[in-house]
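This report refers to the structure that appears directly beneath it.
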Amino acid sequence: MSDNIEKKWQSKWKDAKLFESNPDDREKLFLTVAFPYPSGAMHIGHGRTYTVPDVYARFKRMEGFNVLFPMAWHVTGAPVIGIADRIKRKDPWTLDLYERVHGVPKETLPKLEDPEYIVKYFSTEYHEVMEEMGYSIDWRREFRTIDPTYKKFIEWQITTLYEKGLVAKGEHPVKYCPNCDNPVGDHDLLEGEGVGVNELTLLKFKIDDKILVTATLRPETIVGATNIWLNPDVEYVLVDAEGENWVVTKEAHYNLSNQIKDLNIIGEINPNDLIGKMATNPFTGDELPIFPASFVSASYGSGVVFSEPADAPADYIALQDLKNNSEMISKYNLNGIIENVQPIPVCTVKGYGEIPAADIIERLGITDQNDEKLHEATNELYKIQHSKGKIIDSIPGFGGMKVRFAREDLKNELIDKNMATIMYDFAERPVVCRCGNNCVVKIMDDQWFMKYGNEDWTQKTLEVLEGETIIPHEIKNNFEYYLNWLDDWACSRKVGLGTRLPWDNQWLIEPLTDSTIYMSYYSIAKYLRDMDPEDLNKAFFDKVLLNKDSGDITVPEDKVKEIQDEFNYWYPLDWRLSAKDLVGNHLSFLMFHHSAIYPKDKWPKGTVVFGMGLLEGNKMSSSKGNVILLKDAIKDYSADVVRLFLMASAEPWQDFDWREKEVLGTKRRLEWFREFAAKVEDVKGSSLNLNNIEKVELTRTIDLWMLNQLNQHIKNATEALEVFQTRQALQDSLFLLKKDVDHYLYRVKHLLDLNDEGVVYVLSTVLESWIRLLAPFTPHTCEELWAKYGGEGFVSQTSWPEYDASFVDNKIEKSEELVQNIIKDITQIKKMVKDEVSKIHIYLAPDWKWELYKIADEVGKPDIGQIMGRAIGANIYDDKKEIANVAKKIGREITKTRYIGKINEEEILLDAIDYIKDEIGCEIIVHTDDSYDPQNKARNAMPYKPAIFME
RNA sequence: GCAAGGGUGCCCGAGCGGCCAAAGGGGGAGGACUUAAGAUCCUCUGGUAUAGGCCUUCGAGGGUUCGAAUCCCUUCCCUUGCACCA
C-alpha cells in the first residue's frame, strides 16, 4: 500500500513542479551533497547520505526559504575503466559482484565493457532510486561531468587557476607499476598497503674515477661517517649518470632509473674489488675504508651505505662483527685499518650516552647484524633523535643545532654543492601491484600540480574555513590540520574519463580537481544544458561567474544577464554535505578553489560531515557484498520507513547501524502514527478537518500538559533540525512525543468514547502539528494524512509548526509529575508494606515549608546555617526546631528537585483524583491540615512531595 | 608515528557540574487485550530494604568541588584519516 501512495505523491510533486527552484523574493537556501560516482548500485549507506540534505531541504522549505537542492553525477576518473576492463576479461569475481551485489541483469552485464555505459547505467539507476526515495531534487539541473558543457566549465576553472599561477609543472614521486605503466594507489595493491615513500639523500663518495652513491635517511650523520659498506654477495653495476660513474646495485639501478633520466649501465662491478680500498667523504674530505656487510640490502636505496656507528645501530653492530671476524679481515686485507675505525659522536639525546647506538644495542640485547631487533633499535633511535636530538657542539657550522633542522640545512647544502642528490624508496617491501608485479617509486616529471603547498593560497583558504560553520564542530580542527598539511597535488592523469588540460592536451584533469566548484554549475545548469558548448567560452564564464569582461561573448546579452542573475541569486553555497573521508581532500580542495577563484562573498558558508554505515554491526562494503541495495530496502520497507530509520538511528556525522530488527521497529512506529491519525477521527466521532480545528477553553491539567509537551517538542525538534541533528529532532518529534501521547491517551481513556471536546481539540492539534513535524522525514505518509484529514495543499508546502510559548508552563509539567510521583510512591510503599490498604491519606506541605524551600533555592547550596538564618529572619514559622528539621531535609532535596515556585497541589491532585484512585485501586483523601493524622505523618509533607499515610 | 574523535547499564546509544540509577530504542520478564499467534497498551529489567529509603555503578587511578558520568591530571584501550584515490 505504501508503495502506491509513495508513487502517487512523487508524481503529484513532479506534476506540480514543487521542487523546481527559481529565484524569487524569498530568502534562498542552497545546499548540495557530494555527487555520487556511479560505478555501482546505490545502497543504504548512500541512502543516508542523500536523505540528510533532503530532510533539511524540506524542513527549510517549510520554514519559508526558497531552497535549491540539485544533483549530478561524477563520472570522471579511472575506476570505471578498470571495471570495464575486468568485465571484458570476464573476471569471475567482477561479474559476480555486478550481477549479485549490484543487481545488474545477466543480459546487461556484457554492456558494462564500456566504461561510459557503466556510469550511464548506474547514474540512471541512481536517479530512479532517488526519485523512489522522494528526494526533493530540482532535476532540471542534473548533469554528468563528461557533458560537453560541463567540460567547458572545467576548462574555464582550470584556466583561471592556471592564469593565477596556481597550476604548475613539477615532479613528484609516486607508487608506480612498471608493468601496468601507471601510478597505483593503495587500493590497487596486492601487498604493501599503507607503505610510505621515504626521501633518501644520495651522498657521493669518490673513489678513483667512480662514485659510490650512498643512500641515507640521515644526511646530517655524514660528519660521523667512518667507512662505507658494500654487500659482497650482491651484484653491483657501474652506471653513467650525466657523465658521473656511479656504483650502485643492479636492483638499485632499476629503481633509480624510474627517478633519474638516462641512467645507463656501462659495466659490472665486483664489490670484492672495492672492499678494502679508500673513498673520499665529500663533505669532510676524509678518506674512508670500504668494508663488507651482509645487512646491506640490494634493493633498498642504492645498495651502498656509509657507516655512522655512533647513531646507527646496524652500523655499530656490523663494525663489531667485522672486528671479531678474523677471516674477513684477512680475506680483505683489513689489518691495520679496521682497528682504527671508531664511532665518531654526532648527536646527543637525553637518556643516551656518547655512543647512542651502543646503548640501544645493549638495552635490546642485540647480538649481531642479522638480529631481527635491529630494525626496532634503528626506528627507536631514529625517532628520538629526530624529535629531540641535537648536534654536538664540536661540529663546526651545525653544533648545538636541533637534528631536525641540521638535517634539512645540510641536505640542501650538499645538494647545492653537487655532493648529493635525492632519491625515493619505499619504507617497506614488498609493494606489489594487483597485476602481480613489484612496484617502484617513479618520479613523474612532466606532471601538472595544483599548488596547494603555496603559502598565500593556504592562508587565504584558512580564511574560508574561518568563515564557515562546520558540523560537527570538532571537525574544524581537522580541517585546519589538512589545509596546512596539503601539499602540491598532481592534477593531471593519463587514464580515465575527463576533461583535457586546455594548454597541454596530453593530460586529463584529475577527477577530484574537476569537482571542486561544481556547485556553481548547478545554479546555471538548467540554462547550459541546451546551449552550444562552443558558446561557453572563457569570456562567457568570466562574465557570468565573476562579472568580468574578458573578451567576446557569443551568447545574447540578456541571456547572459539572466544566467548571471541566477548564479548570483543562489551563490554562495549555504551548506555542503559530504562524507568524513573527504575532509582531507575533496572538502579541502573545495575551500582552496573557492578562495582562489571567487571573491569573499561567494565563499561557502557551511559544511556538514557524515559518518559511515554499518550493517548489523559490520562495516558496509560493496566489494565484500555486505550491503543492502536501497531499491531493495524501499521494496521491503517503503521509502518513508527507510528514511525514518536512517534519520533516527544516528546523527548524520555518526556511524549508523542498519539492523533489521530496529528497522522493523521503525516501521511499526510509522504504522502507529497512521493509526493514531485514524484514532483521532474516531474519538471525534465525525470527519476530521485539520484545516478547521474547533478551539475550546481547556480546564483539565492533563489537557494543558499535553499541549505543553507538544510545544516543548516542537521547540526542541526545530532547534535540532536547524543544525542537522536529525536524530535529536526525531527523538523529540516522534519518539518522545509518542510517549507523551500514549500517556495522555492513557490518562483520558475514560473520556475517549465521550466525544469530549477538550480531548478532541487537544488530539487534533497534536495531529495537525505532528504531520507537519514529520513531513521532512516521511513526506509520503504525511502528504497522505494531510490530504485525508483536510489539510490544505501539499504538506511539503505548508509552514513548519511554530512553537507557541503560551502553552509552555513548567508548573503544568510539574503538576503531572506530582501526580505520577504520588502514584509511584504509593505503589512502592504498598508493595513493601504488604498489608491490606483500605484508605490512603495525602497531606500537603504547609505554606511555611514552601517559603523555606524558596529560601533554600535562593541560597543555592545545602548551607543549613544560612538557610536557617534567613528563615528565622523572615519569621516564616514559630517552631525553630521544626524549621531546622525541615531545612535539613530540604538541603538534601534541593539538589534533587528543582524549585520552580509554589504550585497548588490540592487543586492538581483533586483534578486527577479519579485517575489516581483508578491506578491505586482504593480511596484517596487529600488533607490540607493534620486534623486527622493518627500516625503523625503529616509533618513529613514537603513541597512537591506530599506525605502519605495508609490504613 | 602524526592528527582527530571516542570508551556509559545485556546490546545500540543520549547525557557533559546538582531534577542522574542515568533519555530513547533494541533485547528480556510479567500483565491487559485476543479462540490463539502477531500487533498494540501497561509494569519491571544494578543491588538491597515490611513507609516513599539506603548502597554500588558511567574504561582505570588520582585531584578540584558542599556536590562529578559530566571539570583537571595520569594511564590503558578502541575507531578513523595520513594523498595522486572516488
Side-chain angles (χ1 to χ4, degrees), chain A residues 34 36-37 39 74 76-80 172-175 183-188 194 196 379 383 386-387 444 447 449-450 452 472 474-482 485-493 510-513 515 579-586 611-612 614 617 648-651 653-657 659 661-662 664-666 668-669 671-672 675 727-728 730-732 734-736 738-739 742 745-746 749 814 817 821-822 824-835 860-863 891 893-900 919 935 937 940 944-945 947-950:
Chain A
Y37 183 80
S39 63
H74 190 215
T76 38
V80 282
H172 195 74
V174 294
K175 284 180 192 169
V184 288
D186 263 349
H187 51 281
D188 299 320
N379 278 343
K383 242 170 251 162
H386 175 73
S387 57
M444 308 284 286
Q447 185 56 281
F449 286 87
M450 298 298 319
Y452 298 138
E474 309 86 73
I475 301 287
K476 199 154 191 170
N477 297 334
N478 242 327
F479 268 112
E480 205 176 309
Y481 171 80
Y482 278 115
W485 167 80
L486 273 167
D487 203 353
D488 296 351
W489 175 269
C491 64
S492 50
R493 288 290 176 282
E510 182 273 333
L512 287 182
T513 310
S515 51
K580 214 191 266 183
D581 49 331
L582 297 185
V583 170
N585 48 52
H586 166 74
M612 303 283 156
L614 302 177
S649 63
E651 299 293 7
W653 45 92
Q654 297 171 328
D655 297 347
F656 74 90
D657 190 359
R659 298 185 191 198
K661 269 202 172 127
E662 301 201 16
L664 285 169
T666 305
R668 273 184 249 125
R669 197 52 39 99
E671 275 159 12
W672 177 93
E675 283 160 17
R727 178 197 165 96
Q728 183 60 50
L730 277 173
Q731 201 66 226
D732 269 279
L734 182 57
F735 298 97
L736 296 176
K738 175 192 178 290
K739 207 178 171 225
D742 279 339
L745 288 172
Y746 189 69
K749 57 180 186 274
K814 200 81 177 178
E817 217 178 291
N821 283 342
I822 279 282
K824 215 167 108 189
D825 287 349
I826 292 172
T827 313
Q828 205 182 134
I829 297 168
K830 257 176 86 178
K831 215 159 79 187
M832 277 189 297
V833 174
K834 286 174 191 156
D835 292 334
K861 50 182 175 181
D863 182 341
E893 201 64 23
I894 195 94
T895 64
K896 293 207 285 186
T897 311
R898 199 172 53 179
Y899 180 77
I900 58 147
E919 288 296 297
Q935 281 191 19
K937 295 280 185 193
N940 291 336
Y944 311 122
K945 199 171 178 60
I948 297 164
F949 166 56
M950 299 186 179

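Order of the sequence lines fixes the chain letters, A, B, ..., with proteins taken first and strands second; residue numbering starts at 1 for each chain.
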N/O (side chain, [X]) to phosphate O (OP1/OP2, [N]) under 4.0 Å:
X         : N      : answer
Trp653(A) : G5(B)  : no
Lys738(A) : C41(B) : yes
Lys739(A) : G24(B) : yes

Taking the [atom1] atom in each of [N] and [M], what is the distance between them to the nearest angstrom?
N      : M      : atom1 : result
C33(B) : A69(B) : P     : 43 Å
G15(B) : C66(B) : P     : 28 Å
C77(B) : G31(B) : C1'   : 43 Å
A14(B) : A23(B) : C1'   : 6 Å
G25(B) : U56(B) : P     : 30 Å
U65(B) : C55(B) : C1'   : 23 Å
U80(B) : C85(B) : P     : 22 Å
G30(B) : U35(B) : C1'   : 22 Å

Pair partner, G5(B) [Watson-Crick or wobble, under 3.5 Å]: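 C78(B) - that is the nucleotide pairing with G5(B), both distances being under 3.5 Å.
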Selection from [options] that lies nearest to any side-chain heavy atom of [X]:
X         : options                : result
Asp825(A) : G24(B), G52(B), A51(B) : G52(B)
Leu736(A) : G24(B), A51(B), U40(B) : G24(B)
Gln654(A) : C19(B), A14(B), A3(B)  : A14(B)
Tyr746(A) : A51(B), C42(B), G52(B) : C42(B)
Lys945(A) : A86(B), G53(B), G24(B) : G53(B)
Phe735(A) : A83(B), A51(B), G24(B) : G24(B)
Lys661(A) : C12(B), G81(B), G26(B) : G26(B)
Arg669(A) : G24(B), G26(B), C12(B) : G26(B)
Asp742(A) : C42(B), A86(B), G24(B) : C42(B)
Glu510(A) : G26(B), C42(B), A86(B) : A86(B)

Trp485(A) and Tyr481(A) aromatic ring geometry - parallel, tilted or perpendicular at 30°/60° bounds: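 Plane angle under 30°, so parallel.
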Expected output: side-chain Asp655(A) to main-chain Gly611(A) donor-acceptor under 3.5 Å: no
Along RNA chain B (nearest heavy atom to each residue), the more 5'-positioned of Arg898(A) and Arg668(A):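 Checking each residue's closest nucleotide, the 5'-ward one belongs to Arg898(A).
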Residue whose closest nucleotide on RNA chain B lies nearer the 5' end, Lys814(A) versus Ala490(A):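 Between the two, 5'-proximity favours Lys814(A).
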Give one of base, sugar-phosphate or nothing for [X], where a contact means two heavy atoms less than 4.0 Å apart.
X         : result
Leu745(A) : nothing
Trp485(A) : base
His74(A)  : sugar-phosphate

Heavy-atom side-chain contact between Thr76(A) and His74(A) under 4.5 Å: yes
Polar pair under 3.5 Å, donor/acceptor by atom type, side chain Asn585(A), base A86(B): yes
Lys749(A) NZ: over 12 foreign heavy atoms closer than 6.0 Å: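 Check passes, neighbour count above 12.
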